[in-house]
Every structure is written in C-alpha cells, then in structure tokens.
Chemist: 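Have a look at this one.
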Number of protein chains: 2
Amino acid sequence: MSPRPRRDKQQSNLQEAIKDTAWKQIAETGAATLSLRAIARELGITAPAIYNYFPDRDALVTALIIEAYTSFGDSQLEARDAIPAENLTGRMLAIGMAYRAWALTHPQRYQLIFGTPLPGYVAPVEQVLPSAARSLSALVSVVDEIRKAGRLNAPDFPEVKDEYKFGFEMWQKFGGNYDLLSLSVATLIWARVHGLVSLEISHNLPPFGANGDGLYLYEMLAVEKQFVKPS
Amino acid sequence: MSPRPRRDKQQSNLQEAIKDTAWKQIAETGAATLSLRAIARELGITAPAIYNYFPDRDALVTALIIEAYTSFGDSQLEARDAIPAENLTGRMLAIGMAYRAWALTHPQRYQLIFGTPLPGYVAPVEQVLPSAARSLSALVSVVDEIRKAGRLNAPDFPEVKDEYKFGFEMWQKFGGNYDLLSLSVATLIWARVHGLVSLEISHNLPPFGANGDGLYLYEMLAVEKQFVKPS
DNA sequence: AAGAATAAATAAACACTGTATATTTATGGT
DNA sequence: ACCATAAATATACAGTGTTTATTTATTCTT
C-alpha cells in the first residue's frame with residue numbers, strides 16, 4: 001500500500017537526457033524533424049519510455065521552448081548589464097545587437113520560439129509566458145528607464161483598450177511590473193527587430209538584405225532616433 | 001512508338017482539384033496538417049495518383065505558395081491602384097493596410113508563405129521568386145515614385161555589397177527593375193510591417209498588442225514620417 | 001477496325017511517425 | 001520475504017509520404 005518513492009533524479013536523469021538529445025537533433029536537422037522515436041533510439045530506450053517523463057510530444061516541445069526562452073532571456077539581460085546603467089541608448093543598442101546575434105547563433109531555437117515549425121503545435125501561453133516575459137524584460141526595463149529620465153519620445157502612442165487590460169496585467173506580473181507605455185513601446189520595437197531577424201533567418205530577405213549587418217544597424221539607429229530624445 | 005498525347009486538361013483538371021482541396025484543408029485545419037492521403041481521400045482517388053500531377057508533396061506545397069503569393073500580390077496592387085497616382089503617401093498607407101488585412105483574412109496562407117509550417121520543407125527560391133517579387137513590387141513602385149519626386153528621406157542608407165549585386169539583379173528582373181535604393185528601403189518597410197503582422201498572427205504579441213489596429217496604424221504613420229519628406 | 005503504345009489509375013508494400021495498452025522488470029518500504 | 005509501485009518494454013493501431021508493380025483506359029498508327 002505504501003508507494004515507492006521515485007528514483008533519485010541524480011542517478012537517472014532521463015528527463016534531462018531526453019531534452020539534451022532533442023536539442024542535439026534540432027541543431028542537426030531542424031526542429032521540424034524532431035521525433036520521439038529518434039530520440040529514444042539515440043538514448044537506447046524505447047519510445048513509450050519517454051511518456052514517463054513527458055505526457056506527450058507537445059509537452060516536450062513546450063519544455064524545450066521554455067529552455068530556449070530562458071537562454072534567450074539570459075543573453076538579453078547579460079547584454080544590458082554589460083553596459084553602464086547611465087548609458088541608456090547604449091544599453092538599448094546592445095540589447096538589439098544581442099537579439100540578432102542570439103537568433104543567428106541559434107536559428108532553430110529562434111524558429112522554435114517564434115515560428116510554428118511543428119505540425120499542429122500551439123504553445124500553451126500560461127506555461128510559456130513567464131520565460132517569454134522575462135526575455136522581453138531587458139528591453140522593457142531600458143525603455144522604462146528612458147521614460148523615467150523624461151527622454152521617451154512617443155507622442156499619441158495608442159492606448160491599451162480596457163478589454164485587454166486583464167491580459168496586460170498578467171504580462172506585467174511576469175515581466176517586471178513595468179509601466180504600460182514602456183511595455184507598449186518595447187513591444188513595437190521588438191516587432192521591428194523581429195521583422196528583420198525572422199526574415200533573415202527564414203531566407204526571405206531579398207538578396208541585398210543579405211548585407212544584414214548594415215540594414216540592421218540602420219534600423220536600430222532609426223529606432224533610437226524615433227523614440228529617444230537626445231540628452 | 002507514337003506517344004499518347006495527354007488527356008485534355010479541360011476535362012480532367014485533377015491538378016487544379018488537388019490544389020483546391022489542399023486549400024480547403026489548409027483553411028480548415030491549418031497548413032501543418034496538410035496530407036496527401038487526406039486530399040486523395042476527399043477526392044475519391046488513391047494517394048499515389050497525386051504523383052501523376054506533382055512529383056512529391058513539396059512540389060504541391062510550392063505550387064500552393066506561388067498561388068498564395070499571386071493572391072497576395074493582387075491584393076497589394078489593387079490597394080495601390082485604388083488611390084490616385086498623385087497621392088503617394090495615400091498609396092503607401094493603403095498598401096500597408098491591405099497587407100495586414102490580407103494576412104488577417106488568410107492567416108494560414110500568410111504562414112505558408114513566410115513561416116515554416118511544414119516539416120523539412122524549404123521553398124525553392126528560383127521558382128517562388130517571380131511571384132514573391134511581384135507581391136513586393138506594389139510597395140517598391142510607390143517608394144520609387146517618392147524617390148523620383150525628390151521626397152525620399154533615407155540618408156546614409158546602407159549600400160548593397162558587391163557580392164550581393166548578382167542576387168539583387170535577379171530580384172530586380174522579376175520585381176519591376178526598380179532603383180536599388182527604393183528596393184532597399186521598401187525591404188526595410190516590409191520587414192517592419194511583417195514584424196507586427198507575423199507576431200499578431202502567431203499570437204506572440206503581448207496582450208495589449210491585441211489592440212492591433214491602433215498599434216499598426218501608429219507604425220505606418222511612423223514609417224511615413226521617417227521616409228517621406230512633406231510635399 | 002485492330003493492335004500497339006502509353007498515360008493514368010490502382011493495389012500492395014515499406015519505412016516512418018505519435019501514442020495507447022498490457023506486460024514485464026526492478027526497486028524500495030513494511 | 002513480501003508486496004506495492006515506478007519505470008521500462010513489447011505489441012499494436014492509425015496515420016504519414018513514397019515506391020513498385022500491375023491494371024485500366026485512351027489514343028495514335030497501320
């Protein structure tokens with residue numbers, strides 16, 4: 001009648017091994033060809049054994065997405081903190097550059113997060129939101145510092161409709177509880193960065209765009225010019 | 001020894017029927033669940049019969065992408081031509097609005113074009129380029145008119161590196177042979193529009209972004225402010 | 001008109017996939 | 001030592017894209 005306590009995770013860390021193998025295969029052949037059976041094969045176990053650690057394939061993918069978001073967020077926060085806190089535009093630029101650098105270094109992870117590389121999979125927002133909000137918080141925090149310094153230039157920025165306030169508060173909860181305007185402006189900046197990077201990664205930029213460095217830097221400086229008043 | 005001429009296409013247009021059924025299923029359950037066997041089932045034929053019309057599944061997908069690009073391009077060109085040719089900023093705004101409208105009306109088609117919703121599929125650029133270039137040509141043409149009117153404001157815009165000139169010429173060939181600077185600026189504008197729209201479609205916009213109209217219009221006006229000198 | 005040539009469909013099979021069920025193995029608590 | 005249980009396996013099912021061989025149907029030539 002007494003249940004057997006589960007085996008010490010330190011010894012048999014199959015859960016981690018499964019994720020590691022998944023990452024390895026994603027890096028090799030892309031997220032689209034991820035296969036539970038292939039993972040099991042490489043680990044020398046049978047496919048159904050994986051179901052002891054993840055209820056189904058989507059759950060594994062969700063775990064991978066959260067890992068990717070965490071790695072991405074780390075990169076964003078490190079980029080911010082490498083620049084002195086007083087240098088607000090410097091921090092913003094560093095975050096933007098780190099964004100593209102991380103995406104180009106881990107294109108499969110980027111597509112796993114922001115694309116839909118897996119048939120029928122949709123990320124469960126309530127599970128992913130914390131790590132997603134954290135990864136955006138680097139940019140939001142800097143925008144908010146700019147705002148608090150009285151240097152945020154976003155006249156007539158569209159307000160959040162009342163019916164979306166609830167969702168906003170949930171986002172705020174995990175994203176550092178920043179000001180609503182700062183959050184909105186950061187979202188728009190994020191969209192601009194994401195637009196260029198996602199097109200570059202999916203090879204949908206016209207050929208001259210392959211000169212991604214120049215175009216990207218130009219865009220970053222345009223963002224700064226638009227949203228930050230000179231000190 | 002004499003070959004039998006293939007059956008009159010007007011009678012047995014299975015090729016079109018296959019594509020139509022594919023679109024129907026994409027609209028119903030998304031591009032990710034597209035299945036040759038499901039298409040065949042619905043058409044009352046066997047799956048291998050499809051191979052008489054498309055060498056493999058990827059070829060069918062490529063044909064669908066070209067169709068989607070054509071529909072998208074039509075929408076872009078119609079939006080432009082609905083505004084008097086003298087009203088350059090009006091045309092630019094109309095194209096931008098039509099962009100989002102088409103994407104929200106056909107989210108699956110948009111993801112089929114710009115996302116990677118199918119395992120392992122990569123679009124063959126040489127086949128897709130003509131229709132892709134045509135769909136961008138609406139915006140490029142207006143940017144070029146703005147440039148010719150002396151109203152294009154893009155100082156220090158990054159130049160195309162020599163090693164990409166070849167690819168650029170190929171793009172130019174199908175895209176209307178427009179000026180290099182106009183093409184480059186249009187690309188950047190396209191990336192901004194795509195950034196917002198793709199995040200909105202994939203539900204990756206933070207909740208306040210659900211007020212997509214306001215945010216999108218704000219972005220369009222910012223684009224105009226940045227790149228077009230007042231007349 | 002008869003027969004040969006060939007296009008287009010089918011039938012069957014292969015190698016995959018995710019997943020459910022039943023069964024076996026191994027471990028730890030009483 | 002026994003037994004409850006966790007964790008693995010074996011097996012099976014339904015689905016996928018694709019290949020091969022075979023049949024059916026159509027058209028051109030004689």
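Side chains included, hydrogens not; waters and symmetry mates left out as well; all remaining heavy atoms used. Residue numbers start from 1 in every chain, and the chains themselves are labelled A, B, ... in the order their sequence lines are given, proteins ahead of strands.
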Chemist: Looking at D:dG15, does its base get a donor-acceptor pair with the side chain of B:Arg37 below 3.5 Å?
Modeler: no
Chemist: Students often get this wrong, so: under 4.0 angstrom with heavy atoms, is A:Leu34 touching a base, only sugar-phosphate, or nothing?
Modeler: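 Sugar-phosphate: the residue A:Leu34, judged by heavy atoms under 4.0 Å, touches backbone atoms but no base.
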Chemist: Rounded to whole Å, please give me the gap between CD1 in A:Ile50 and C1' in C:dA20.
Modeler: 15 Å
Chemist: In whole Å, what is the span from the CZ atom of A:Arg57 to the C1' atom of C:dC16?
Modeler: 14 Å
Chemist: Between B:Asn52 (CG) and C:dA8 (P), how many Å, whole number?
Modeler: 6 Å
Chemist: What is the distance, rounded to the nearest whole Å, between atom CZ of B:Phe54 and atom C1' of C:dA8?
Modeler: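 Distance, rounded to whole Å: 15 Å.
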Chemist: Look at the side chain of B:Leu36 and decide which nucleotide, out of D:dG17, D:dT19, C:dG18, has an atom nearest to it.
Modeler: D:dG17
Chemist: At 4.0 Å (heavy atoms only), tell me whether A:Thr46 reaches a base, stays on the sugar-phosphate, or touches nothing.
Modeler: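 Base, at least one base heavy atom under 4.0 Å.
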Chemist: For A:Tyr99 and A:Ser75: C-alpha separation, side-chain torsions, deciding distance, then whether side chain to side chain donor-acceptor pair (under 3.5 Å) applies.
Modeler: CA-CA 8 Å; A:Tyr99 189 106; A:Ser75 152; over 6 Å; no
Chemist: Taking atom C1' of D:dG17 as reference, at what distance in whole Å does atom OH of B:Tyr53 sit?
Modeler: 19 Å
Chemist: Among all residues two or more places apart in sequence or in another chain, which pass the ring-ring contact (aromatic ring centres under 6.0 Å, His included) test with B:Trp102?
Modeler: B:Phe72, B:His106
Chemist: Take the protein atom CG of A:Leu60 and the nucleotide atom P of C:dT17, then report the distance between them rounded to whole Å.
Modeler: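 From A:Leu60 CG to C:dT17 P: 14 Å.
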Chemist: Reckon B:Ser35 has a side-chain N or O less than 4.0 Å from the OP1 or OP2 of D:dG15?
Modeler: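 Checking B:Ser35 against D:dG15: no side-chain N or O falls below 4.0 Å of OP1 or OP2.
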Chemist: Between C:dA15 and A:Arg41, is there an OP1 or OP2 to side-chain N/O distance shorter than 4.0 Å?
Modeler: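 The answer is no; no side-chain N or O of A:Arg41 sits under 4.0 Å from OP1 or OP2.
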Chemist: Looking at A:Arg109 and A:Glu67, does any basic side-chain N land under 4.0 Å from a carboxylate oxygen?
Modeler: no
Chemist: Quick check on D:dT19: is either OP1 or OP2 less than 4.0 Å from any side-chain nitrogen or oxygen of B:Tyr51?
Modeler: no
Chemist: Could you grab the distance from atom CD of B:Gln15 to atom CG of B:Leu60, nearest 0.5 Å is fine?
Modeler: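 Spacing of CD (B:Gln15) from CG (B:Leu60) equals 9.0 Å.
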Chemist: For A:Leu14 and D:dA7, give me the distance from atom CG to atom C1', rounded to whole Å.
Modeler: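 A:Leu14 atom CG is separated from D:dA7 atom C1' by 10 Å.
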Chemist: To the nearest angstrom, how far is A:Ile45 atom CD1 from C:dT25 atom P?
Modeler: 18 Å
Chemist: I'd like to know whether A:Ser141 forms a side chain to side chain donor-acceptor pair (under 3.5 Å) with A:Ser137, so could you lay out the CA-CA distance, the side-chain angles of the two residues, the decisive distance to 0.1 Å, and finally the verdict.
Modeler: CA-CA 6 Å; A:Ser141 70; A:Ser137 74; over 6 Å; no
